[in-house]
Amino acid sequence: MIDTILVVAATLVAAPLLGGLISGLDRIATARLQSRVGPPVVQPFHDVIKLLNKEPVAVNVWQVFCAYAYLSASMIAVVLFALGSDLLLVLFTQAVGAVFLVVGALSSTSPYSLVGAHRELLQTLSYEPLLVLVAVGIYLQTGSFKIADTRAWGAPLLLKLPFLYAALGLVLTIKLRKSPFDLSTSHHGHQEIVKGLLTDYSGPFLAFVEIGHWFDVILLLWLCSLFWATSWTGMILLVAVTYALEVVTDNVTARMNWRWMLGYAWAMGLTLSVVNLIWLHVR
Amino acid sequence: MPVSTIPFGPQHPVLPEPIHLKLTVEDEVIKEVVPALGYVHRGLEKLAGTRDFHQMVQIVERVCGICSMMHAMCYCECVEAMMGIETPPRARYLRLIWSELNRLHSHLLWLGLFADSFGFESLFMQFWKIREKVMDLQEATAGNRVIVSVNVIGGLRRDLSPEQQQTILNILDRVEDEMRLLEKPLLGDYTVMKRTKGKGIVSAARALELGCVGPTLRGSGVAQDMRQLGYEAYGDLAFEPRVEKDGDCYSRLKVRYREVFQSIDLIRQAMEKIPAGEIAAVVKGRPEGEGLARVEQPRGEVFYYVKADGKKYLERIRIRTPTFANVPVLLAMLPGMCLSDVPVIVLSIDPCISCTER
Amino acid sequence: MFPMMPAILRNFFSKRATRRYPPMTREPFAEVRGELKNEGSVCTLCGVCAVKCPSQCIVVDKKNATWQWDPFACVYCGVCVDSCKTGSLRQEPLYRKAATGREIVSVKIVLKEQTK
Amino acid sequence: MRAETITPDQLVGACARMKAEGFRFVTMTCTAMDENSFELLYHFDKNLELSTLRLTTSKDSPVHSITAVYFAAFLVENEIQDLFGLRFPGLALDYNRTLYLDEEIRDAPFCKNAAAEKNTAAE
Amino acid sequence: MFEQITRGSRVKSPWLLHYDCSSCNGCDIEVIACLTPVYDIERFGIINVGNPLHADILLVTGAVNHRNRKVLENLYEQMPHPRVVIAIGSCALSGGVFREAYNVVGGVDKVIAVDVYVPGCAAKPEAIIDGVLLGLEKFKKLSNNWRGVGGIFREAETNES
């Protein structure tokens with residue numbers, strides 16, 4: 001029991017710290033790729049602390065509730081992951097959070113927010129099947145949906161599930177809101193629907209969404225690290241390389257539209273997953 | 001998703017300028033567009049009643065901060081023609097050099113903003129990084145980064161020393177090298193092509209009918225460039241308009257990208273041929289009668305009409321800027337396109353709202 | 001596949017383009033049109049600058065012997081400097097600093113004739 | 001400046017002829033001659049040559065819009081409606097004098113003696 | 001200590017909103033130039049958010065005219081406290097060369113309270129950076145009047161009781 005409480009507490013403290021740090025590193029790396037200096041590494045924390053202390057302006061109560069719900073769902077998902085729970089349960093909790101975010105955006109009247117919410121739903125639609133397929137792949141290999149079992153698995157999963165890992169990379173690009181998939185919202189407001197999904201979240205509620213996003217990022221990166229769970233070095237290296245690739249992709253592509261995204265994510269992701277699953281089965 | 005109305009602007013990060021488009025959208029496909037203007041209207045033409053015709057040079061420079069030099073040049077040409085002033089040959093070459101520098105910075109600015117409109121942030125940063133070199137040149141030679149205030153009626157206020165000419169040539173070499181490196185990312189990238197090819201198509205006939213000008217017209221395959229008129233020193237230099245056939249955003253992008261090299265080439269030619277001598281003619285008397293002048297700006301043809309009756313103040317000054325002529329064609333391009341294509345198509349005409357409304 | 005790749009990698013491994021202003025300040029170009037200055041000692045209060053100024057931001061008060069300039073309305077075009085016959089006006093290469101309130105620069109002119 | 005002087009009723013026909021000959025519509029210029037009469041210039045371009053049609057009109061005799069022939073003229077005709085208080089019947093996209101100026105402003109700033117022109121288009 | 005961290009973060013994370021009133025584009029492109037590699041104001045944590053609800057700093061360029069004055073007021077109203085308004089360029093300060101034009105109301109301070117004035121035509125990027133940094137001084141002085149989420153709960157409690 002004490003152990004569990006300790007794990008929960010440690011996760012709840014470490015995840016946002018790590019998430020913020022990754023986001024800060026991301027911004028510096030992006031700036032370097034663009035020949036800029038970029039912000040200090042702790043910039044995301046400054047942003048969030050500032051937002052928490054801004055005047056709370058809420059469009060409606062529903063949106064406030066959704067911001068809390070999104071943050072809680074993301075937190076629960078990460079905590080469940082840390083406890084080595086069922087992978088499907090974790091993914092489901094996280095998806096619930098994502099839906100709350102969309103519902104909050106839908107509850108406003110701003111057209112940008114509505115279009116953003118609409119697109120976010122389509123994005124969820126395009127990556128959720130892939131996430132489930134990843135879970136299925138892990139199950140076929142390890143014989144269990146339990147994260148704890150996956151962690152204890154003897155050989156690196158990446159060697160058996162390379163294509164599924166690529167599909168997971170696709171999901172990561174969508175979830176990190178990187179080009180070419182930064183459709184519903186993006187880090188900088190330079191898009192046709194400005195901040196889209198996040199248009200009407202402001203002040204402290206935007207901060208909650210941001211912290212929730214950090215939890216989401218941690219969850220996905222942790223999922224990535226499962227593919228090399230045998231050694232700490234392997235884990236960190238794999239995550240670092242994956243994230244670096246995401247940052248580079250962000251900087252070498254233009255933003256696409258949602259029709260293209262839907263087609264591409266499904267065609268590419270499903271092909272990769274199915275090829276991998278068949279390959280597993282045949283051997 | 002049912003039919004809904006999306007207001008685009010007047011405050012929008014993709015379009016720094018306040019134009020307001022009321023988009024009627026069904027399932028993210030544009031059905032109808034109604035523009036609303038007037039957010040930048042200052043009534044600048046009316047100032048001709050309170051500023052004399054020399055001071056109007058500084059006023060028309062501020063019609064648009066991006067092509068300031070060309071506005072002033074066109075106005076000066078117009079008044080000079082009315083007063084029968086012959087500008088010295090050196091001034092004609094210097095005006096060409098500064099106006100091509102202006103075009104260079106404007107096109108680089110546009111290439112960056114255009115890349116930003118389809119979310120290619122690193123490309124945007126790259127073009128603006130190159131652009132700073134041109135801005136430095138403008139600042140070092142003309143004294144201001146943006147408003148290149150060198151024109152007076154009769155010629156110029158500033159001269160280029162031989163060292164400055166050499167600096168310009170050296171820096172332009174570097175600009176050219178860096179621009180060559182960006183050809184592939186800009187014109188050969190899959191995602192860029194996907195976002196620009198086949199978007200906002202306008203045929204040559206339709207473009208002419210809607211009165212469109214500049215790179216927008218040349219992107220539709222019509223070889224019309226006001227520089228062919230041979231104003232200032234353009235008549236002495238080798239010059240061919242850059243034309244692309246397809247009439248979509250991609251070909252407009254290509255036209256502007258190729259015009260960057262054309263400007264560099266024109267500056268080099270001018271530097272070789274530039275004669276020594278005076279830079280300004282003596283201005284006596286006051287303008288009388290009517291005058292017209294046209295100049296090719298980065299965005300297309302600008303049209304000046306001046307009417308004077310021998311007084312210190314001009315009777316009427318009329319400015320028709322290139323974006324003003326390109327708005328009708330923009331309205332024809334948008335319906336049927338996706339919401340995500342709106343910034344791309346709007347920027348593909350290189351809108352300058354402050355020009356449009358004055 | 002990704003033609004932008006060489007460009008961003010070059011950026012990553014080469015020096016950043018940023019001029020770190022502040023703390024680092026770049027030497028301004030020699031002929032930049034910055035803040036307007038009136039030397040005062042050679043000014044004859046002729047008022048040509050006030051007449052020529054397209055923005056009409058200069059007020060020459062002959063009675064009180066002051067030359068006033070509104071830096072918030074000035075467009076830094078340099079017409080006044082070009083038209084100044086005595087060379088009393090000049091433009092510093094540095095631009096005028098940001099301020100938190102409205103201000104008007106007023107220079108008390110001591111005319112040569114009076115001092116003699 | 002070469003300009004062909006025409007009467008207001010010849011205008012649309014002349015524009016249609018211009019269009020048939022392949023002229024591009026450049027722009028229009030309006031100048032206030034005195035309190036009530038205005039000079040309208042229609043500029044066209046073909047092969048870099050400008051041709052101009054000139055006509056004189058007054059506030060009470062509106063000139064027909066040429067947007068049916070050259071749609072591109074809608075913007076400039078709206079502008080002239082705003083700034084000079086003239087009216088162009090048949091305008092394809094009529095902003096009703098609110099292209100640049102707000103509804104509550106009813107005087108045309110470019111008219112001679114603009115203060116006396118208030119409420120001319122209030123009908 | 002909490003207050004100090006808050007204030008520190010406010011100064012280090014100013015998000016800006018840029019509104020072009022009726023500027024000639026000169027100052028606007030200089031504002032955008034500030035975001036690009038050579039000036040890179042993201043060094044100070046500044047992001048151009050383009051959404052008044054997210055912004056801390058309002059950068060206004062250009063003179064106010066009758067039509068955009070409503071837009072400007074609206075944007076200013078939407079921005080949550082604490083906020084700073086910075087007027088950039090001669091036109092935004094006083095109307096510049098256009099202040100006698102019939103459709104120009106005047107400088108930004110005729111419509112909303114301006115905290116920092118950046119002179120210039122067009123204001124150079126260095127001057128804009130100076131202006132923004134001067135504007136941040138205001139955040140340093142502000143006391144912590146807005147208590148974020150806690151504030152809402154307290155309000156709800158008082159309403160119930």
Side-chain angles (χ1 to χ4, degrees), chain B residues 9-20 36-47 49-51 55 58-59 61-68 71 105-106 109 112-113 116 122 124-133 135-136 139 144-147 149 352-355 357-358, chain E residues 16-40 47-52 55 58 61-72 74-75 78 89-91 95-105 120-127:
Chain B
Q11 184 274 323
H12 200 283
V14 175
L15 305 170
E17 285 193 275
I19 186 174
H20 179 70
L37 301 172
Y39 297 98
V40 207
H41 182 62
R42 290 154 286 184
L44 187 151
E45 290 169 358
K46 185 72 180 169
L47 284 177
T50 51
R51 305 284 199 276
Q55 290 174 330
Q58 269 69 42
I59 305 283
E61 264 166 9
R62 284 158 180 85
V63 169
C64 169
I66 303 176
C67 33
S68 54
H71 272 292
H105 113 73
S106 172
L109 169 134
L113 286 180
D116 197 38
S122 55
F124 158 68
M125 295 288 183
Q126 204 70 16
F127 279 121
W128 279 65
K129 189 177 114 188
I130 302 174
R131 177 175 168 270
E132 282 299 325
K133 291 199 174 77
M135 298 307 278
D136 280 353
E139 191 178 6
N144 270 340
R145 270 168 60 89
V146 175
I147 309 276
S149 184
C352 175
I353 311 303
S354 120
C355 273
E357 301 177 11
R358 302 171 303 280
Chain E
L16 63 88
L17 173 74
H18 168 215
Y19 182 62
D20 169 345
C21 268
S22 53
S23 150
C24 71
N25 272 336
C27 297
D28 304 326
I29 56 177
E30 296 294 59
V31 169
I32 303 175
C34 285
L35 305 168
T36 56
V38 175
Y39 296 98
D40 186 33
I47 310 177
N48 183 8
V49 283
N51 179 349
L58 177 61
T61 53
V64 181
N65 73 16
H66 295 289
R67 186 166 285 187
N68 65 32
R69 118 183 243 163
K70 292 161 200 159
V71 183
L72 182 63
N74 188 8
L75 286 175
Q78 280 186 51
S90 294
C91 298
V97 274
F98 305 121
R99 64 187 185 282
E100 285 156 29
Y102 61 84
N103 204 30
V104 171
V105 176
C121 182
K124 284 175 63 171
E126 282 99 341

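Here the structure is a predicted model, which is why all the values come from computation and not from measurement.
- Among B:Glu132, B:Gln58, B:Gln55, the residue making the largest number of heavy-atom pairs under 4.5 Å with chain E is B:Glu132.
- Both the backbone and the side chain of E:Ala122 come within contact range of chain B, with heavy atoms under 4.5 Å apart.
- Using a 4.5 Å heavy-atom threshold, the side chains of E:Pro125 and B:Arg145 count as touching.
- With values rounded to the nearest 0.5 angstrom, E:Ile29 atom CD1 is found 5.0 Å from B:Ile66 atom CD1.
- Heavy atoms of E:Thr61 lying under 4.5 Å from chain B are absent altogether.
- Put simply, the side chain of E:Arg67 gets close to the backbone of B:Leu37: a donor and an acceptor are under 3.5 Å apart.
- Note: B:Ile130 CD1 to E:Thr36 OG1 = 12.0 Å, rounded to the nearest 0.5 Å.
- Closest approach of E:Asn25 and B:Cys64 over heavy atoms only: ND2-SG, 4.4 Å.
- Looking only at heavy-atom pairs under 4.5 Å with chain B, the residue among E:Ser23, E:Gly95, E:Ala63, E:Gly62 that has the most is E:Ser23.
- When every heavy atom of E:Gly26 is checked against every heavy atom of B:Val146, the shortest pair comes out as CA-CG1, 3.5 Å.
- Taking NE2 of B:His20 as the reference point, atom CG of E:Asn68 lies at 13.5 Å (rounded to 0.5 Å).
- With a 4.5 Å cut-off on non-hydrogen atoms, B:His71 does not touch chain E at all.
- The part of E:Leu35 that comes within reach of chain B is its backbone (N, CA, C, O), which places non-hydrogen atoms under 4.5 angstrom from that chain.
- Highest contact tally toward chain E, considering only B:Lys129, B:Met135, B:Arg62, B:Arg131, is held by B:Arg62 [criterion: heavy-atom pairs under 4.5 Å].
- Contacts with chain E were tallied for B:Thr50, B:Ile353, B:Ile59, B:Leu47; B:Leu47 has the most, counting heavy-atom pairs under 4.5 Å.
- Options E:Val104, E:Asp28, E:Ile32 differ in how many heavy-atom pairs under 4.5 Å they form with chain B, and the most are formed by E:Ile32.
- Counting only distance, with no hydrogens or angles, the side chain of B:Arg51 and the backbone of E:Val97 share a donor-acceptor pair below 3.5 Å.
- For E:Cys121, the parts lying near chain B are the backbone and the side chain together; criterion is any non-hydrogen pair under 4.5 Å.
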Practice task
Apply the test side-chain contact (heavy atoms from CB on, under 4.5 Å) to residues B:Ser354 and E:Asp20: give CA-CA distance (whole Å), side-chain angles for both, the deciding distance (0.1 Å), then the verdict.
Solution key: CA-CA 10 Å; B:Ser354 120; E:Asp20 169 345; 5.9 Å; no
Handout entry: B:His41 and E:Tyr102: CA distance, side-chain angles, deciding distance, ring-ring contact (aromatic ring centres under 6.0 Å, His included) verdict
Key = CA-CA 10 Å; B:His41 182 62; E:Tyr102 61 84; 5.6 Å; yes
Practice task
Start with the C-alpha gap between B:Arg42 and E:Cys24, add the side-chain angles, then the distance that decides, and say whether side-chain contact (heavy atoms from CB on, under 4.5 Å) holds.
Solution key: CA-CA 10 Å; B:Arg42 290 154 286 184; E:Cys24 71; 3.9 Å; yes
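- Contact detail for B:Gly43 and E:Ala101: the closest heavy-atom pair is O-CB, 3.9 Å.
- Counting heavy atoms from C-beta outward, E:Tyr19 and B:Tyr39 have side chains that approach closer than 4.5 Å.
- Proximity to chain E is absent for every atom of B:Glu357, based on heavy atoms less than 4.5 angstrom apart.
- Interface residue B:Phe124: only side-chain heavy atoms are found under 4.5 Å from chain E.
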